[in-house]
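Heads up: the structure comes next, in structure tokens.
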Amino acid sequence: MLFKNKIKKQIELQINDLKLYLENNYKDLAIQARKDAIALVEQSYKNKQINEKTYLKYQKQLGEYTEQMKDYNHQKFYRS
């Protein structure tokens, strides 16, 4: 149980970092934080460190951030 709480805490910290980067418009850091959070959630679920309900909650939350970030790419900054 303690181990599962530690994993949840890690995921929450990763998502909080993502939120902070988005709020401060740090696009590159936000993109990396989202990738890291998704990887952590997927790995935790695969290793049975979080249950399906928790997994789906994090997936939904990260999906919302992904939608917010859909236009985050460098192409719009470097068009010639």
Inter-residue atom distance Lys8.NZ - Thr54.OG1, 0.5 Å rounding: 4.0 Å
Can you give each donor-acceptor pair under 3.5 Å made by side-chain atoms of residues 10-18, sequence neighbours left out, with the distance rounded to 0.1 Å?
unit_1	atom_1	unit_2	atom_2	d
Glu12	OE2	Tyr58	OH	2.8
Gln14	NE2	Ala33	O	3.4
Asn16	ND2	Glu12	O	3.3

Glu64: salt bridge (charged side-chain N to carboxylate O under 4.0 Å, His left out) partners, not counting sequence neighbours: Lys60
Can I get a per-line list of side-chain donor-acceptor pairs under 3.5 Å for residues 36-47, giving both atom names and the distance, sequence neighbours left out?
unit_1	atom_1	unit_2	atom_2	d
Asp36	OD1	Gln32	NE2	2.8
Glu42	OE1	Tyr55	OH	3.0
Glu42	OE2	Tyr55	OH	2.9
Ser44	OG	Leu40	O	2.7
Asn47	ND2	Gln43	O	3.4

Pairs touching residues 10-32 that satisfy ring pair (Phe, Tyr, Trp, His ring centres under 6.0 Å), sequence neighbours left out: none
Hydrophobic cluster partners of Leu20 (side-chain heavy atoms under 4.5 Å): none
Atom pair CG (Asn5) and CD (Gln49), whose distance is rounded to the nearest 0.5 Å: 12.0 Å
side-chain hydrogen bond (donor to acceptor under 3.5 Å, both in side chains) against Glu52, all qualifying residues, sequence neighbours excluded: none
Pairing residues for Glu23 by the salt bridge (charged side-chain N to carboxylate O under 4.0 Å, His left out) criterion, not counting sequence neighbours: none
